[in-house]
Amino acid sequence: MDNTAYTGRFAPSPTGPLHMGSLVAAMASYLDARVHDGTWLVRIEDIDEARAIKGADEAILQCLQAFGMRWDGEVLWQSRRKALYEAAFARLGENAYPCGCTRREIADSRIGVASDGAAVYPGTCRGGLAEGKTARAYRLRIADACRITFTDRWQGEISQHLPSEAGDFVLRRADGFWAYQLAVVVDDADQQVTDIVRGADLLDSTPRQIYLQRLLGMPTPRYLHVPVVTNSAGEKLSKQTGALALDTANPLPELLRAAAILEMPLNGVGTVEQFWQSALQGWHRRFGD
Ligand code: GLU
């Protein structure tokens, strides 16, 4: 791997306190950046203002510090960067089109289910809004027969046929907020992120993001998607599935649990400092080049 310019990032959504799933993602991206002598950025993804919880951003930042992770440079907040998303959207021109369909109408069309469980958009408004419809969201027109293939540093080769597995996806939501897919692509390019290390729950989104990067003439970073933490019912850990906040007063056991999920069990580690030393060595052996 070319280490000359490595920039990684951790991009939490402030929808609640940091939980084990987000600690695992933060730890992996932090270790990867440090092992490659890179820069590690933190970006607060509060673009979905309806879901952001007041104070969760500061709590997440404090938690990262309590666990011994230090970021480089200024923290960015997506909610303060809307002009960039607007400009990128404008550059997409005719590739973005208004859609008047309701969620119900799309679900009823049953043309297929995307890999993330959402209904694939049937393309109803591709040729223009039907009579009597008003624009709700804006979608990206996906070229027919488009397949995106990339090599993930953990998961191996990933390939997705975008029209059937994702479909024309939303860039600007019906509530007026910019969609995650657009904001994340714009920010990663603007911050010159070279390496994205995050949870495998986002693996399905990556081909859409690569497609957008290509349309916008932006470079595609390297990707590494770490295993997703699930609860006893097999659901992805999140505030909705009852994830517990982490115990920042007693960080070592939490760090060791996260390392075990990263398949890096560490023995004989008695302090947070020793933890990071061993974890860096372990990561270096696996992903150092
Ligand atoms: N904000 C997203 C989340 O917390 C992560 C985005 C990303 O890493 O690309 O799930």
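One-based numbering, in listed order, for ligands and for the atoms of each. This structure is a prediction, so every number in the text was calculated from the model and none was measured.
Checked against a 6.0 Å centroid threshold, the rings of F89 and W178 count as neighbours.
Against a heavy-atom cut-off of under 4.0 Å, V184 is close to the following atoms of ligand 1: 9 (O). Contact atoms of ligand 1 toward R198: 7 (C), 8 (O), 9 (O) (distance under 4.0 Å to a heavy atom of the residue). If you number the atoms of ligand 1 from 1 as listed, the ones under 4.0 Å from a heavy atom of S13 come out as 1 (N), 2 (C), 3 (C), 4 (O).
Of the N or O atoms in P12, none lie within a sub-3.5 Å distance of an N or O in ligand 1.
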Would you please test Y97 and Y138 for ring-ring contact (aromatic ring centres under 6.0 Å, His included) and show each step? CA-CA 5 Å; Y97 66 88; Y138 280 80; 8.6 Å; no
- [ ] Before giving the answer on side chain to side chain contact (heavy atoms under 4.5 Å, CB included), spell out for E263 and R286 the whole-Å C-alpha distance, their side-chain angles and the decisive distance to 0.1 Å.
- [x] CA-CA 11 Å; E263 298 166 20; R286 265 166 90 195; 4.2 Å; yes
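Ion pairing between R51 and D46 fails under the 4.0 Å rule for side-chain N and carboxylate O.
Counting heavy atoms under 4.0 Å from ligand 1, residue Y180 touches it through the side chain alone. Residue-level proximity to ligand 1 for L202 is carried by the side chain, the only part with a heavy atom below 4.0 angstrom.
Here the CZ-CG distance, from R43 to L76, works out to 7.5 Å after rounding to the nearest 0.5 Å.
Taking atom 6 (C) of ligand 1 as the reference point, the nearest protein heavy-atom neighbour is E45 OE1, 3.1 Å. Nearest non-hydrogen protein atom to atom 5 (C) of ligand 1 is A11 O, 3.3 Å.
The closest approach between a heavy atom of R9 and any atom of ligand 1 is below 4.0 Å.
Cation-pi geometry between R139 and Y121 is met: under 6.0 angstrom from the ring centre, within 45 degrees of the axis.
Each of V170 and L84 belongs to its own hydrophobic cluster when Ile, Leu, Val, Met, Phe, Trp and Tyr are linked at side-chain heavy-atom distances under 4.5 angstrom.
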